[in-house]
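See below for the structure under consideration.
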Amino acid sequence: MAMSCSLVAYICYLGPFQILEDTLDSLNELEGFSQLTQPIIINFFFIENIFDGFDITLTDAGDALRFYFLVLVGAVSLVFIKGIFVYGSDFLMERVGNKYSFRIRNDLFQTIVSAPIGTLSERHSGDMMTRVTDDVRQLQQGVAATALIMRSILQVIVFGAFLLYKNVQMTLFSMLILPVVAYFISNIGKRVRKASTEIQQHSADIYTQLKETLTGINIIKSFTAEKIEMDRFQSITSGQYNSAIRRARFASLLPPLIEWMASIGTATVLLLGCWYIIDDKLSIGGFAGFILVVGLMYKPIKNIGGVNNILQQSMASAERIFYLSDFSAEKITVSEGNTELTNIKGAVEYKNVTFAYQEHPVIRNVSFKTDPGQVIALVGPSGSGKTTLLNLLQRFYAIDSGSIIIDNVSIDEVRLKSLRKNIALVPQDTFLFDGTVLENIEYGSPGSDRQEIVDAAKKANAHSFITKLPKGYDTPIGESGGTLSGGEQQRLSIARAILKNAPILVLDEATSALDTQSEAIIQESLSNLMKGRTCFIIAHRLTTVMRADNILVISDGQIVESGSHTNLLDEAGLYRRMCEQQMFG
């Protein structure tokens, strides 16, 4: 539709030039007309072999003046009509560009949230942010650039056809520069594209550096490392600056080159036109109209050169966007099954589970079984694979071999949404969203009524501090819950898991951010919550795991000991050594 509007607009462009040509030629015939007594017939809009034009009879100077006034009104009307179609073309292309960026940005976000955690953990968050924001914005400019190039090409075709009709030889001479211009546009465009890729990568590094700085600002200030971070940031921005200057040097070179080429073409046409006038092969009006259209034809050629630089920049961004859009989504089911978990009791079994991350073994042939409602504690040194073992239960990662079974159903056969709906997670690193207290707890079970949310907060021992906030449950907590203490954040995370009311509960250091008094209060709430549910607890504090039905001691991705607290103390193994270190240092 936009291109159709542009075509009509460019055709309207030609009307005033035809009027100018006919006006100049007719004025040449009307020279000294006011002193003549005989009427004069002039011809307007004559198109050779197509239209014979209109014969206009002028009786006196006043009659001629009125006629030319109407001609000028017609020319202004054509310009007005042209403006309407130019507006339509511009508006439609803006709509296309904005809708394109809207859709592709949403698609990229869906790709990110649907991608496996392993895929996301291998990429810098700052780089992905740049691809979704800066690169999509650059690609939107590329859509506009593509539209302008198409319109410019259309303009060259329309004006070129008009010129060829008027005079073939002069038109061919005016187009001799086009191959040279095309060479410069292509060659410089490649350099601009390469520099643009470097700029976007540096932008990603800036995002990453800035995010790390804001996240770790306390550590930076504590170690008085401001100068080190500033040097790192300046190094990144210097790289971007150098790439930007190189791109600007190439981009700035093209317009004067095209203009110089255009001046050669125009000078050639002028010389040839003068010769045709002298040889009486061309009228002055026809010559003036031809030169004006030649000038208009060179303008879109210059636009193509300038816009091509923008297009190359957007192509560099497009490559980065397509890389992100190619991320594969998590498999809804690993095997051909499509099972829904309903009314599960919570029996969980690991059978010879092995998992390696980037060819580095993390879990080694782990097997164990838990009955419904049991509390299983996982303990062991940091980095032994405890969290990874439970991440496999939720299919955050795909196991390499073996199987995990819930109620006699392999999790590979279960729909991913159904699997995770039946597992509630309280992670070690508490994460809260930038919203109200109510919204963060409701995240555990969207659509829950207010009383259910309050009840969950009470069970998590969070209700008392929530009611003291300025707006209670409707108090905004800031980015990542920044207005709350670490213990308060953890209690909201626990309340969120309680509200989910899942039959399987995963607590990954769920009380690590609480002081001793708060932990004691919450332990009672957690004990009530765990009744009738299969619960997996990862903890270093022995007070958290002592009452577990079964304690699995993990070391180097393997279960090296298992049993109750008392039995493991009697075995005098790793668990006992950990207890002694915690009690006596």
Side-chain angles (χ1 to χ4, degrees), residues 105-117 119-121 123-126 128-133 207-208 210-218 330 387 391 394 396 416-417 420-502 505-514 518 522 529:
R105 190 170 276 133
N106 289 342
D107 288 345
L108 288 177
F109 186 82
Q110 182 178 357
T111 298
I112 290 174
V113 297
S114 301
I117 289 180
T119 300
L120 298 177
S121 62
R123 276 80 182 178
H124 287 297
S125 58
M128 288 188 287
M129 290 166 59
T130 307
R131 294 174 195 257
V132 176
T133 54
Y207 268 94
T208 300
L210 186 59
K211 181 177 180 294
E212 288 181 354
T213 300
L214 293 175
T215 303
I217 191 65
N218 291 344
E330 289 181 294
T387 299
N391 284 340
Q394 301 171 81
F396 289 158
L416 194 59
K417 185 176 181 180
R420 293 176 182 171
K421 184 179 180 181
N422 287 279
I423 302 174
L425 170 67
V426 180
Q428 179 178 4
D429 298 322
T430 303
F431 182 82
L432 299 175
F433 296 91
D434 185 7
T436 65
V437 171
L438 187 77
E439 290 169 342
N440 272 276
I441 298 177
E442 186 186 12
Y443 208 82
S445 179
S448 300
D449 61 41
R450 194 178 185 91
Q451 188 56 49
E452 291 174 329
I453 294 172
V454 172
D455 291 342
K458 289 179 178 179
K459 292 178 181 178
N461 194 35
H463 180 72
S464 58
F465 85 80
I466 293 174
T467 55
K468 295 177 183 178
L469 296 174
K471 295 183 180 179
Y473 282 84
D474 297 314
T475 303
I477 61 174
E479 183 180 0
S480 299
T483 61
L484 304 177
S485 68
E488 291 170 341
Q489 292 178 22
Q490 195 77 326
R491 278 178 273 178
L492 287 188
S493 180
I494 293 172
R496 184 168 59 194
I498 291 173
L499 184 65
K500 189 174 183 179
N501 196 29
L505 189 64
V506 175
L507 304 175
D508 188 353
E509 295 286 352
T511 60
S512 62
L514 303 177
S518 297
I522 288 184
L529 171 66

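Just so it is clear, the model here is predicted, and its values are computed rather than measured. Below, all heavy atoms of this structure are taken into account, side chains as well, without hydrogens, waters or symmetry copies. Along the sequence shown, the residues carry numbers beginning at 1.
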Measuring from [X]:[atom1] to [Y]:[atom2], what's the distance to the nearest 0.5 Å?
X: Asp434; Y: Ile477; atom1: CG; atom2: CD1; value: 7.5 Å
X: Phe396; Y: Leu416; atom1: CZ; atom2: CG; value: 9.0 Å
X: Glu488; Y: Leu432; atom1: CD; atom2: CG; value: 10.5 Å
X: Leu210; Y: Met129; atom1: CG; atom2: CE; value: 8.0 Å
X: Tyr473; Y: Ile466; atom1: OH; atom2: CD1; value: 4.0 Å
X: Gln489; Y: Ile494; atom1: CD; atom2: CD1; value: 12.0 Å

Exercise for review: Please name all residues satisfying side-chain contact (heavy atoms from CB on, under 4.5 Å) with Lys471, sequence neighbours left out, ordered by chain then number.
Suggested key: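 With neighbours one apart ignored, the set is Asp474, Thr475.
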Check your understanding: Mind checking what makes side-chain contact (heavy atoms from CB on, under 4.5 Å) contact with Thr467, not counting sequence neighbours?
Key ->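 In terms of side-chain contact (heavy atoms from CB on, under 4.5 Å), with neighbours along the sequence ignored, Thr467 is linked to His463.
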Exercise for review: Taking the side chain as every heavy atom from C-beta outward, state whether Val132 and Ile112 have any pair of such atoms under 4.5 Å apart.
Suggested key: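 Heavy-atom side-chain distance check passes, below 4.5 Å.
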Check your understanding: Are Arg131 and Leu108 side-chain neighbours, meaning at least one heavy-atom pair lies under 4.5 Å?
Key ->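 A side-chain contact is absent here, since even the closest heavy-atom pair is not under 4.5 Å.
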Practice item. Using salt bridge (Lys or Arg N to Asp or Glu O under 4.0 Å) as the criterion, list what pairs up with Arg496, not counting sequence neighbours. Key: none
Using every non-hydrogen atom in the two residues, find where [X] and [Y] come nearest and quote the distance to one decimal.
X: Ala495; Y: Ala460; result: N-CB, 3.6 Å
X: Ala497; Y: Ala424; result: O-CB, 3.8 Å
X: Lys500; Y: Arg420; result: NZ-O, 2.7 Å

Sequence-distant partners of [X], side-chain hydrogen bond (donor to acceptor under 3.5 Å, both in side chains), two or more places apart:
X: Thr387; value: Asp508
X: Asn106; value: none
X: Arg105; value: none

Practice item. Taking ring pair (Phe, Tyr, Trp, His ring centres under 6.0 Å) as the test, write out the residues that go with Phe465, two or more places apart. Key: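 Applying ring pair (Phe, Tyr, Trp, His ring centres under 6.0 Å) to Phe465 gives none.
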Show which side-chain atoms of residues 437-445 pair as donor or acceptor with protein atoms under 3.5 Å away, not counting sequence neighbours.
unit_1: Glu439; atom_1: OE1; unit_2: Thr436; atom_2: N; d: 3.0
unit_1: Asn440; atom_1: OD1; unit_2: Phe433; atom_2: N; d: 2.7
unit_1: Asn440; atom_1: ND2; unit_2: Phe433; atom_2: O; d: 3.1
unit_1: Asn440; atom_1: ND2; unit_2: Thr436; atom_2: O; d: 3.0
unit_1: Glu442; atom_1: OE2; unit_2: Gly447; atom_2: N; d: 3.2
unit_1: Ser445; atom_1: OG; unit_2: Ser448; atom_2: OG; d: 3.2

